[in-house]
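Have a look at the structure below, then the notes.
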Amino acid sequence: MRFKKQKRHRKAVRFYTTCFGFREPFKVLCDGTFVHHLLSNQILPADAALAKVLGGRVKVFTTRCVLLELKALGPSYSKAFEAASNLSTARCDHEIRKHAVTCIMEVIGKSNAEHFFVATQDTDLKKQLQEIPGVPLIFGLRNALFMEQPTALERQFVKSSEEKRSHISEVELNLLRKVTKDDEEETEKTNEDGDLVDKISEMQVLEKKKKKKGNLNDLKDRPQFKRKKTKGPNPLSCLKKKKKVDPNQHPVSEKKADDNTTKRTRKRKRARKAKTTAETGAP
């Protein structure tokens, strides 16, 4: 149950911070009935208990008229008067004491410009504040504090204000038209300047071409010379180099010597065969 209660409180605080611009430290405006409830149920310290409900830092306020009302109620509310006098007072600008309900209603005004959370046990004050969008209410139930969820009127107010923001007003429409006209005039001027630049560049290109043609006609009258073409490598330089032969060597004599040796070997073989046949010859 405690977790669900904290979740509901967090959602409500997020609604007021995003839609109505409430910021930390949150300002809580207390009346005499709420201070008396805190003391009778021992919900102390008050700022710590309210900080748990709102989930952030808190500054607790009351008004001068509320203090004077608690003082006038007598000794039964003396402790509540002492506790309320320790709180910081919100400016109400009432020289003569007024009823606490009317004083708080005047401090809140039509739009709650000071972004006050109002803590009260008075049902009449709650009903009056519920008709003003952007006034979150806190109340006590026994030894616990609760925050009321945003009303249907507040949600409708937020929806309508968002729709108004999305639509353009007449003043904004006139400004937009004026800006678009200025932009169109500027673009026309830039286009004209660009056309002039293009024409000038075309004229310059034509003049350059004419100059080049005149130079070519002058060159035709002059004597022309053939340009030397690049030739390939010399075919003689691409031939393979021959091996150098030593003058001391005689290849022909060496060949003859080789032939003689081969012939001698053959002759010797024949001689041996003859000898063998002679020795083993018939009688």
Side-chain angles (χ1 to χ4, degrees), residues 2 5-6 8-10 12-13 16-17 20 22-132 134-151:
R2 189 179 291 176
K5 186 179 79 171
Q6 287 175 354
R8 271 189 272 112
H9 290 164
R10 249 185 268 124
V13 171
Y16 288 109
T17 51
F20 293 99
F22 283 73
R23 294 287 178 272
E24 284 189 43
F26 300 119
K27 298 177 183 178
V28 182
L29 185 63
C30 302
D31 68 344
T33 58
F34 186 77
V35 174
H36 181 70
H37 179 82
L38 289 174
L39 289 170
S40 59
N41 288 284
Q42 294 295 315
I43 304 169
L44 298 170
D47 53 353
L50 289 165
K52 278 183 182 179
V53 173
L54 300 178
R57 291 178 292 114
V58 166
K59 278 186 179 181
V60 188
F61 291 84
T62 190
T63 62
R64 186 169 164 273
C65 295
V66 170
L67 289 169
L68 292 170
E69 192 180 55
L70 285 169
K71 192 177 182 181
L73 286 169
S76 58
Y77 284 86
S78 60
K79 287 182 179 178
F81 171 71
E82 287 175 5
S85 58
N86 292 326
L87 304 174
S88 51
T89 54
R91 191 175 176 182
C92 63
D93 295 332
H94 296 141
E95 292 180 1
I96 301 165
R97 180 175 68 85
K98 287 190 176 183
H99 196 268
V101 174
T102 55
C103 178
I104 288 168
M105 287 299 294
E106 286 182 10
V107 170
I108 295 299
K110 291 180 180 179
S111 61
N112 192 12
E114 293 292 325
H115 298 104
F116 279 116
F117 287 81
V118 179
T120 182
Q121 297 296 110
D122 195 342
T123 53
D124 293 331
L125 182 60
K126 280 182 188 178
K127 284 177 182 178
Q128 289 182 28
L129 289 169
Q130 281 172 353
E131 292 176 1
I132 302 166
V135 183
L137 297 171
I138 298 167
F139 63 95
L141 190 68
R142 292 179 184 176
N143 61 348
L145 298 178
F146 293 89
M147 183 181 171
E148 286 193 0
Q149 294 300 305
T151 59

Fill in: Verdict with supporting geometry, Val66 and Cys103, side chain to side chain contact (heavy atoms under 4.5 Å, CB included)
CA-CA 8 Å; Val66 170; Cys103 178; 5.5 Å; no
Worksheet entry | Qualifying side-chain hydrogen bond (donor to acceptor under 3.5 Å, both in side chains) pairs with a residue from residues 93-106, counting only residues at least two apart or across chains | Arg91-Asp93, His94-Glu106, Lys98-Glu106
Discussion item. Looking at every non-hydrogen atom in both residues, tell me the closest pair between Ala80 and Val35 and how far apart they are.
Written reply: O-CG1, 3.6 Å
Item to complete: Say whether, by atom type as modelled, one donor and one acceptor occur between the side chain of Arg23 and the main chain of Thr17 under 3.5 angstrom.
Response: yes
Discussion item. Would you say that Phe20 contacts Asn112 through its side chain, given a criterion of any heavy-atom pair below 4.5 Å between the two side chains?
Written reply: no
Worksheet item: side chain to side chain contact (heavy atoms under 4.5 Å, CB included) between Leu54 and Ile138: does it pass, once the steps are laid out?
Response: CA-CA 10 Å; Leu54 300 178; Ile138 298 167; 4.1 Å; yes
Worksheet entry | With Phe34 via ring pair (Phe, Tyr, Trp, His ring centres under 6.0 Å) - residues at least two apart | none
Discussion item. I need the minimum non-hydrogen distance between Leu67 and Ser85, along with the two atoms involved.
Written reply: CD2-N, 3.5 Å
Fill in: Contacts of type salt bridge (Lys or Arg N to Asp or Glu O under 4.0 Å), residue Glu82, not counting sequence neighbours
none
Worksheet entry | Taking every non-hydrogen atom, the tightest pair across Tyr16 and Pro136 | CE1-CB, 3.5 Å
Worksheet entry | Results of salt bridge (Lys or Arg N to Asp or Glu O under 4.0 Å) for Arg10 - residues two or more places apart only | none
Fill in: Inter-residue atom distance Thr151.OG1 - Ile132.CD1, 0.5 Å rounding
11.0 Å
Response to the item:
Rounding to 0.5 Å, atoms NZ (Lys59) and CZ (Phe26) come to a distance of 13.0 Å
Discussion item. Show me the pairs that pass salt bridge (Lys or Arg N to Asp or Glu O under 4.0 Å) and involve residues 110-121, at least two apart or across chains.
Written reply: Lys27-Glu114
Discussion item. Quick check: closest heavy atoms across Ala83 and Leu39, and the distance to 0.1 Å?
Written reply: CB-CD1, 4.0 Å
Discussion item. According to salt bridge (Lys or Arg N to Asp or Glu O under 4.0 Å), does anything in residues 38-56 pair up with another residue at least two apart or in another chain? List the pairs.
Written reply: none
Practice prompt. Not counting sequence neighbours, list each pair that qualifies as a side-chain hydrogen bond (donor to acceptor under 3.5 Å, both in side chains) and has a residue in residues 116-131.
Written response: Asp31-Thr120, Gln130-Glu148
Discussion item. If I compare all heavy atoms of Lys5 with all of Ala144, which pair ends up nearest, and what's the gap?
Written reply: NZ-CB, 4.2 Å
Discussion item. Can you pull out every side-chain hydrogen bond (donor to acceptor under 3.5 Å, both in side chains) where at least one residue sits in residues 61-79? Sequence neighbours excluded, please.
Written reply: none
Worksheet item: Can you name the ring pair (Phe, Tyr, Trp, His ring centres under 6.0 Å) partners of His115, sequence neighbours left out?
Response: Phe22
Discussion item. Just verifying a value: how many Å separate Cys65 SG and Leu70 CG, rounded to the nearest 0.5 Å?
Written reply: 11.5 Å
Item to complete: Could you list all the ring-ring contact (aromatic ring centres under 6.0 Å, His included) pairs where at least one residue sits in residues 41-72, not counting sequence neighbours?
Response: Phe61-Phe116
Worksheet item: Roughly how far, to the nearest 0.5 Å, is OG1 of Thr33 from CG of Leu38?
Response: 9.5 Å
Fill in: Under the side chain to side chain contact (heavy atoms under 4.5 Å, CB included) test, residues paired with Ala12 that sit two or more places apart
Met147, Gln149, Pro150
Item to complete: Please name the pair of heavy atoms, one in Leu145 and one in Ala49, separated by the smallest distance, quoted to 0.1 Å.
Response: CD1-CB, 3.8 Å
Fill in: With sequence neighbours excluded, residues passing side chain to side chain contact (heavy atoms under 4.5 Å, CB included) with Ala51
Val58
